[in-house]
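Heads up: the structure comes next, in structure tokens.
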Amino acid sequence: MFKYDTYIESLTDLPEGEEIKLSVRDLTPGKQRYAYKHVMAIVSADPERYPDKMQVRFGRGQLHGQPYSMQVIKEVNIVPERYL
Amino acid sequence: MYKDNREYIKALEAAGELVTINQEVDWDMEAGAIVRKVCEESGPSPLMNKIKDYPGHRYFGAPLASYRKLAIALGLPPDSAIPEIAKVYLERTNKTPIKPVLIDKDKAPVKENIFIGDKADMLDLLPAPIVHEGDGGRYLCTWHFIVTKDPDNGDVNWGMYRQMVYDGKTLTGPLLPFSDGGKVFHGKYKQMGKPMPFATVIGPDPISAIAASAPAPMPETDFAGMLMGKPIELVKCETVDLEVPANAEIVIEGEILPDVSLEEGPFGEYTGYRTSPRDMRQVYRVKAITHRNNPITTISNMGIPTDEGQLLRSFSLGLEMDKLLRSQGIPITGVFMMPESTHHLVIVGVKPIYTNIAAQIAQTVFGSKLGPWFHMVVVVDDECDIYNFNEVLHAWTTKCHPINGIHVWQGVGTPLYPFLSAAERIKSVGPKVCFDCTFPLDWDPLSEVPSLVSFKTVYPKEIQEKVLANWKNYGFKSS
Ligand SMILES: Cc1cc2nc3c(=O)[nH]c(=O)nc-3n(C[C@H](O)[C@H](O)[C@H](O)COP(=O)(O)O)c2cc1C
Ligand SMILES: [Mn+2]
């Protein structure tokens, strides 16, 4: 089961093992499915390397066949406080 | 005509244009797939009474994706021909605008349930569907409109601009800069650095939806009133200084942030493709949600023809062009935009009284507010029936001179055009073409102009009448 997915322009957006800022959708089944969040995370093209499995899509929705794994380091809020 | 979708749904049922689905349907793709198939088959609209994870909620799909449904929505016989529907639309929208009326909150069904602040969580309260596999998110708003107000003159705008659920409190979507709502947001609120109040109306009555998707040259409240023949009933919002239709199913209130953008898309679009990729687009923060009991979320599923966007936008764009061209004294016989062209192709009939009238027609419509949405103008003469594509195609392929009869220009276009390069899309570039399918006026009618060979044009009246009178006697079935 995939825990997250992300949309990218090219695979270079997902450098192996580096801490990156990523916009992901939560795929947990139920009402909250597909909610977005921004996270700092480490990702890998090895689906077993980090705790959560991640699906990758390109800009027009095309699924990338290769499953990824990722670890969320922290969530980041990108909507300024004054609007929350 | 119908004050809400519930009355309209009954009318569709009576005309055999409704299928009621009582088994559970999944909001995650299943409902979308049903609606897509209905569009591709021009089928009856599905009313889905049981939605996974959201008891008490319902879906109404493909609400207006055929001329039959459009005729019903306008209160006409379901079998009305396209020119008849067009005639009624023109008659009604050429009258005096009818201002809306404000009614009390306790008489407004859309206030049956009110959620404000933290309680107004879209993912919790509303069954936003995944319309197509691969879409960037749950598109709650595909047959809806966004109410905004011009801060300078108070003019109200209703525009159908898609919105995706980003999280429980946030929607994102493209508010294109040449749309009416976009002009006020990009041109005014953003410049002032102030959030723009909005109210999204989901499941409006069919007439209000038609008005919101039309390029109305006035506030759509008044345009809808004209189409309805009486004022639209509005009610005040809870948290923003705006009014919404009292009989709508669901209303989301909030503000559009002037200085923040977030991910939106991709989405299956009206051109039949996903053209605009995932990008950073406008951000709508939610302050309140109100809805009727057992609310009905509308779903339009854009893709290959024919969905309501293609059908209604073709219809209203074409008829606004009709008004515009007549207002300029151009002797047109009519305008027909083909939904199958995803409102890219418009056919204009004209009495060619002077040379190059086709180029003038094309430049007038391309240069108007309507211009960014289409790029092919086919001008035929008054002998050709603009609603008969066989006749149009015949005129096109026989009268249009490949060098002298085709004019191209560079204009303004939507970033959704599938044939544009990425660079062109960013710059709102819109190449335009006009096909002049009239014979040159300086040709001598006797020695130069080819004459049309058809039953109606080559036989004397007596022979035509004799043949028609004897048609059955000869052994033919139809007349
Ligand atoms: C289903 C549907 C979705 C649409 N989505 C958008 C959109 O996301 N952004 C946009 O600018 N126009 C969109 N349009 C086109 C506008 O609704 C259309 O241009 C309408 O005339 C806008 O009204 P306005 O003239 O008040 O701007 C959409 C139309 C339909 C039918
Ligand atoms: Mn408008």
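Order of the sequence lines fixes the chain letters, A, B, ..., with proteins taken first and strands second; residue numbering starts at 1 for each chain. Quantities reported herein were computed from a predicted structural model and do not represent experimental measurements.
Highest contact tally toward chain A, considering only B:Asp167, B:Val283, B:Thr170, B:Leu257, is held by B:Leu257 [criterion: heavy-atom pairs under 4.5 Å]. Per-residue heavy-atom pair counts under 4.5 Å with chain A were compared for B:Val165, B:Asp124, B:Val260, and the maximum is reached by B:Asp124.
Under the 4.5 Å side-chain criterion, counting only non-hydrogen atoms from C-beta, B:Pro258 is in contact with A:Tyr83. B:Leu262 has its side chain within reach of A:His38: a pair of non-hydrogen atoms, C-beta onward, lies under 4.5 Å apart.
The structure places OG1 of A:Thr6 at 8.0 Å from CD of B:Glu263, a figure rounded to the nearest 0.5 Å. Here A:Gln32 contributes atom CD and B:Asp121 contributes atom CG; the two are 5.5 Å apart, rounded to the nearest 0.5 Å. One finds the CD atom of B:Glu133 at 5.5 Å from the CG atom of A:Leu63 (value rounded to the nearest 0.5 Å).
Interface residue A:Arg25: only side-chain heavy atoms are found under 4.5 Å from chain B. Residue contact with chain A, scored on non-hydrogen atoms closer than 4.5 Å, is absent for B:Asp279. Neither the backbone nor the side chain of B:Pro127 comes within less than 4.5 Å of any heavy atom in chain A.
Considering all non-hydrogen atoms of both residues, B:Gly136 and A:Tyr7 come closest at CA-OH, 3.5 Å. The shortest heavy-atom contact between A:Gly61 and B:Arg274 is CA-NH1, 4.5 Å.
Seen from the ring of A:Tyr34, B:Arg138 does not count as a face-on cation partner, given the 6.0 Å and 45° thresholds.
Side-chain atoms of A:Lys31 do not come within 3.5 Å of backbone N or O of B:Leu123 as any donor-acceptor pair. Of the possible polar contacts, one joining the A:Arg60 side chain to the B:Thr275 backbone as a donor-acceptor pair under 3.5 Å is found.
Atom NZ of B:Lys52 sits in a sparse spot, with 12 or fewer heavy atoms from other residues, nucleotides or ligands closer than 6.0 Å.
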